[in-house]
Protein chains: 2
Amino acid sequence: MPRLPVAERRELLLEAALRVVAAQGIQGATTRAIVAEAGVSLASFHYAFASRDELIAELVNSVIASEELALTRLELRGGSMRDTLREGLMHYFDVLRENPMREKAMFELTQYAMRSPELEPLAKMQYERYYALAEQALDVAAASTGLRWSKPAAELATVLVVLTDGLTIGWLVNRDDAAAHAIIDFAADSLSALAEAA
Amino acid sequence: MPRLPVAERRELLLEAALRVVAAQGIQGATTRAIVAEAGVSLASFHYAFASRDELIAELVNSVIASEELALTRLELRGGSMRDTLREGLMHYFDVLRENPMREKAMFELTQYAMRSPELEPLAKMQYERYYALAEQALDVAAASTGLRWSKPAAELATVLVVLTDGLTIGWLVNRDDAAAHAIIDFAADSLSALAEAA
DNA sequence: GTCTATAACCGGATAGAC
DNA sequence: GTCTATCCGGTTATAGAC
């Protein structure tokens, strides 16, 4: 095995750990499974991390930090608010369909974090990030359509997160694309009804 | 320990198992933790259940069967569709606040089931039950207000489940009652907009 | 820094007396 | 039907050579 600086070894193990969680769940993310996925010896693991718990904490952290990507780069084609929201939600749905297991891993990591007094603040932080992201998306949509929101964007952001969370869970269970599209239409219709002339 | 018929012992263990899952998560629901909670010996466990997996499967099943209770007994005070929906959702929210850990246990059981090829159909079945329950609630609301839905009730039922799922997860993370109320208002407004004169 | 080997422990499941 | 005692596989973590 190549000699790596600790920081790189940690990074390598974190990426492997996320793949294992996605494929087998938190339950299956044993140190052995992770080192096998990373192609690293068990002892090297414990050279890089003091314990499995430390790796999981780091994993939650890193996953939060990288969550932005899904929604930020999105080119809006303009049009009505309804169409703009629909387009954004469809984009989210595409991301979900592309990598369902990663999204499932997110949920599992959040729930796991909520069970640990030490990690629980990270779960809250993850949702703060979601809300901020959603609010930003709503701001962009308002700017793009030339409309403004009739309620505080922060409040609508929590609604948007509720909708995407519910959509995600339901789709992960049923894999019903048609039902997902119906949800997206409902979300776009309902939210766009809360936009008004600037 | 008292001699119990197997059926009662199974019931006892299932109730204990749900308490353990609620308190410590699926991870902590080891056979030993369950028998300790139930005040039963380890061997008695394996007399009642062939394996831990069998108990978990039974638990998912029994939890599905008992899920109806939360929503069915609900007296509607009449009034507008918006108020009727608001009332129903507030009732759900009260149930959630009364026993948050039980609801969290539900999510964890579903996610756990989704990881197991054998239990995965149960996860789907759980959601079918939710949808049926939601549809029934919407029918009752329509009858109570004398209105009818402008879209198929089955489609709106999936929307309602999305909203309650998202509401539940968000509240479990943040415990923000005000945000929950805002969600409930949004849900009641948006759904009631889809009711029309019969 | 990395390795093999092993300690120390915990989990599900079983044996066999009562 | 219930119990105590035990087996056995898998898990985290560590020791010590290289």
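Below, each value reflects all heavy atoms present in this structure, side chains not excepted, and no hydrogens, waters or symmetry copies. The chains referred to below are lettered A, B, ... by the order of the sequence lines, with proteins before strands, and numbering in each begins at 1.
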Step-by-step salt bridge (charged side-chain N to carboxylate O under 4.0 Å, His left out) determination, B:Glu37 to B:Arg32: CA-CA 9 Å; B:Glu37 172 72 26; B:Arg32 287 178 151 84; over 6 Å; no
Can you find a side chain N or O atom of [X] that sits less than 4.0 Å from OP1 or OP2 on [N]?
X: B:Arg9; N: D:dT2; value: yes
X: A:Ser41; N: C:dT2; value: no
X: B:Arg52; N: C:dG12; value: yes
X: A:Ser44; N: C:dC3; value: yes
X: B:Thr31; N: C:dG12; value: yes
X: B:Tyr47; N: D:dT2; value: no

May I have the distance from [X] (atom [atom1]) to [N] (atom [atom2]), rounded to whole angstrom?
X: A:Gln27; N: D:dT11; atom1: CD; atom2: P; answer: 12 Å
X: B:His46; N: C:dG11; atom1: NE2; atom2: P; answer: 12 Å
X: A:Gln24; N: D:dT11; atom1: CD; atom2: P; answer: 10 Å
X: A:Leu55; N: D:dA13; atom1: CG; atom2: P; answer: 11 Å
X: A:Ile34; N: D:dA13; atom1: CD1; atom2: C1'; answer: 14 Å
X: B:Arg10; N: D:dT2; atom1: CZ; atom2: P; answer: 14 Å
X: A:Phe45; N: D:dT11; atom1: CZ; atom2: P; answer: 13 Å
X: A:Leu13; N: C:dG1; atom1: CG; atom2: P; answer: 14 Å

Which comes earlier along DNA chain D counting from the 5' end, the contact point of B:Arg32 or that of B:Pro5, where each point is its nearest nucleotide? B:Pro5
Would you give the length of the straight line joining atom OG of A:Ser144 to atom CG of A:Leu85, rounded to the nearest 0.5 angstrom?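 Spacing of OG (A:Ser144) from CG (A:Leu85) equals 9.5 Å.
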Quick check: is A:Leu59 connected to A:Met101 through a chain of hydrophobic side chains (ILVMFWY, heavy atoms under 4.5 Å apart)?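 As far as the 4.5 Å side-chain criterion goes, A:Leu59 and A:Met101 are not connected within one cluster.
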Choosing from C:dG12, C:dA15, D:dG1, which nucleotide comes nearest the side chain of B:Ala43?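 Nearest to the side chain of B:Ala43 among the choices is C:dA15.
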If every non-hydrogen atom of B:Glu135 is compared with every non-hydrogen atom of B:Ala153, which pair is closest and at what distance? CG-CB, 3.8 Å
Closest heavy-atom pair and its distance - A:Leu160, A:Ala134: CD2-CB, 3.9 Å
NA contact type, B:Leu42, heavy-atom cut-off 4.0 Å: base, sugar-phosphate, or nothing?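 It contacts base atoms.
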Check the side chains of A:Tyr127 and B:Asp176 for a donor-acceptor pair under 3.5 angstrom, ignoring hydrogens and angles.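 No donor-acceptor contact under 3.5 Å links the two side chains.
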Check the surroundings of atom CD in B:Glu118: do more than 12 heavy atoms from other residues, nucleotides or ligands lie under 6.0 Å from it? no
Terminal axes of the helix from C:dG1-D:dC18 to C:dC18-D:dG1 (five pairs each): angle between them, nearest 10 degrees: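 Between the axes fitted at each end of the helix from C:dG1-D:dC18 to C:dC18-D:dG1 lies an angle of 10°.
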